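Here's the structure, in structure tokens; my notes come after.
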Amino acid sequence: MTDKFKDECGVVAVFGHPEASKLAYLGLHALQHRGQESAGIAASDNGRVAVYKAMGLVADIFNAEALARLPGTHAIGHTRYSTTGDSALLNAQPILVECNKGRIALAHNGNLVNAAELRARLETQGSIFQTTSDTEVIVHLVALSREVSLTQAVCDALRRIEGAFSLVMLTGDRVCAVRDPRGFRPLVMGRLAVPGRPDAVVFASETCAFDLIGAAAVRDVKPGEMVVVSRDGTESRHYAPALKPSSCIFEHVYFSRPDSVIFGRAVQDSRDALGRQLAREAAIDADIVVPVPDSGVTAAMGYAAESGLPFRLGLIRNHYIGRTFIEPEQAVRDFGVKLKLNPVRSVLAGKRVVLIDDSIVRGTTSRKIVRMVRDAGASEVHMRISCPPTISPCFYGVDTPSRRQLIAAEKNVEQIRQYIGADTLAYLSLEGLRNACGEGIETSYCTACYTGEYPTGFIPVDDIEPAIAKC
Ligand code: AMP
């Protein structure tokens, strides 16, 4: 619901289409939910690579004039939101650099856990950094690699970084797509028919970007894989052995769009199963099931279907929220939440309500929403959360506040219930979450935010915010 922790990114790439930058723009538009702070596109035209990036929303940044400055048949794009580090244009992507291996543009989704350490070492060796983003470390490693060819230098750099990275790269004549060996973040490859030419090859964080441009999803880029697309065709290489997959389960819970297929599974199916499982685990005698829109909607539908209770839209979301709003001088209670959500009194009055949301982070939003639903006349409010308590920060690209600010790190379920003021509160079990998201032989998930067990073995120090901007 709130946007304040958003620190995700979306990436897209197009190879072999006469309108590459326009398709990248459309792809970014479909991925806007993954980042709303800055966006950029790099395009290559007969070996020349150009980039255009700015702060703001994709639709505001790119007009016909800006896209006309990005001609060529290959392009990559990036959209970003960050609250940590420096969020200025400086850190917007794609990053474009000219190094001894050639010109290369790069866009990154994820967060490197050894970036600060690598950066310190590189600076000692004389590297001069221009941004505070972890992504720039990759570029310096490429430049300093002893490998002669660009592709080998990139593979060399990739073997030195640790953490979450779904990357797309562009040179004068090729596009590369890479996923880290654990496959934390999604990245999917697709094809798009081009009249009179070979199919274009496309990549995106989520399949919803393909739907908009009319591309067909082919497969995920595999963990530890680099796919290189050039005029000679599509080549796959494994720059590192794949490790036990650690796909981010929170992509299914909250981040990805419900119309996407990620990690080989439809997000909508996962969310529906989350709601159904929640109904089995935490049934309650009530009158109606109400979602906190938009993130709680599918899980609430699943809960309603499984429990047999009617699904009702008792909260309506205003989608047109700008950056700042002028508050009336006489403070209005819960002003911030009221800007986004309004309760429907005729639905809620006198009802025992099961309220479904995807997660509680700090607890402040849930507290306000519960109060809002009660003020609208609900006789009981039963909060149900479609994932387990969030007890640990994410260091792989989802921006969560420090452990100290995570309500479930400090309080047990009963204490959280008291804080948010609900009659009852229940979370989904970890096992229920894993099963609902289809964990099995092919897929295994990173659940560090619910368990504190970090797949990279990286032990985060309490309350230390990552030193450099995440992406
Ligand atoms: P809070 O007031 O901190 O408990 O906020 C909880 C709300 O934030 C829930 O409605 C979630 O949908 C939403 N949320 C959870 N994680 C994130 C995130 N990483 N970015 C933005 N919103 C989030």
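Computed from heavy atoms alone, side chains included, the values below leave out hydrogens, waters and symmetry copies. As the structure is a computational prediction, the values presented were derived from the model and not from experiment. Remember, it's 1-based here, ligands and their atoms both numbered in the order they're listed.
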At a 4.0 Å cut-off, with the gap strictly under it, does some heavy atom of Asp358 reach an atom of ligand 1?
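Asp358: in contact with ligand 1 (<4.0 Å).
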
Identify, by atom number and element, the atoms of ligand 1 in contact range of [X], meaning under 4.0 Å from any of its heavy atoms.
| X | answer |
| --- | --- |
| Ile360 | 4 (O) |
| Val398 | 19 (N) |
| Ser295 | 12 (O) |
| Asp399 | 19 (N) |
| Asp357 | 9 (C), 10 (O), 12 (O) |
| Gly363 | 1 (P), 2 (O), 3 (O), 4 (O) |
| Phe255 | 19 (N) |

With a 4.5 Å heavy-atom cut-off, do Tyr254 and Val398 have their side chains touching?
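The answer is no; the side chains never approach within 4.5 Å.
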
Considering the options Arg417, Arg384, Glu380, Glu414, which one meets the side-chain hydrogen bond (donor to acceptor under 3.5 Å, both in side chains) requirement together with Thr424?
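Only match with Thr424 under side-chain hydrogen bond (donor to acceptor under 3.5 Å, both in side chains): Arg384.
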
Which atoms form the tightest heavy-atom contact between Thr456 and Arg182, and what is the distance?
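For Thr456 versus Arg182, the nearest heavy atoms are CG2-NH1, 3.6 Å.
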
Whether Ser205 side chain and Val11 backbone form a donor-acceptor pair below 3.5 Å:
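Answer holds: yes.
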
Can a donor-acceptor pair be found, under 3.5 Å and without considering hydrogens, that links the side chain of Arg371 to the backbone of Gly421?
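No, Arg371 side chain to Gly421 backbone: no donor-acceptor pair under 3.5 Å.
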
Exercise: do Arg265 and Thr443 side chains pair donor with acceptor under 3.5 Å:
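Thr443 and Arg265 do not have a side-chain donor-acceptor pair below 3.5 Å.
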
Indicate whether the side chain of Gln268 and that of Arg271 have a donor and an acceptor atom separated by less than 3.5 Å.
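Result is no, nothing qualifies.
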
Do you know which of Asn318, Ile316, Ile369 makes side-chain contact (heavy atoms from CB on, under 4.5 Å) with Leu341?
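Single pass found, and it is Ile369.
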
Return a yes/no value for Phe250: is any of its N or O atoms, backbone included, closer than 3.5 angstrom to an N or O of ligand 1?
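Phe250 vs ligand 1: no N/O contact under 3.5 Å.
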
Using a plain distance cutoff, I'd like to know if Ser366 has any nitrogen or oxygen under 3.5 Å from a nitrogen or oxygen of ligand 1.
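N/O-N/O distance under 3.5 Å: no.
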
Side chain, backbone, both or neither: the part of Thr365 lying under 4.0 Å from ligand 1 by heavy atom
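Contact part for Thr365 vs ligand 1: both backbone and side chain.
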
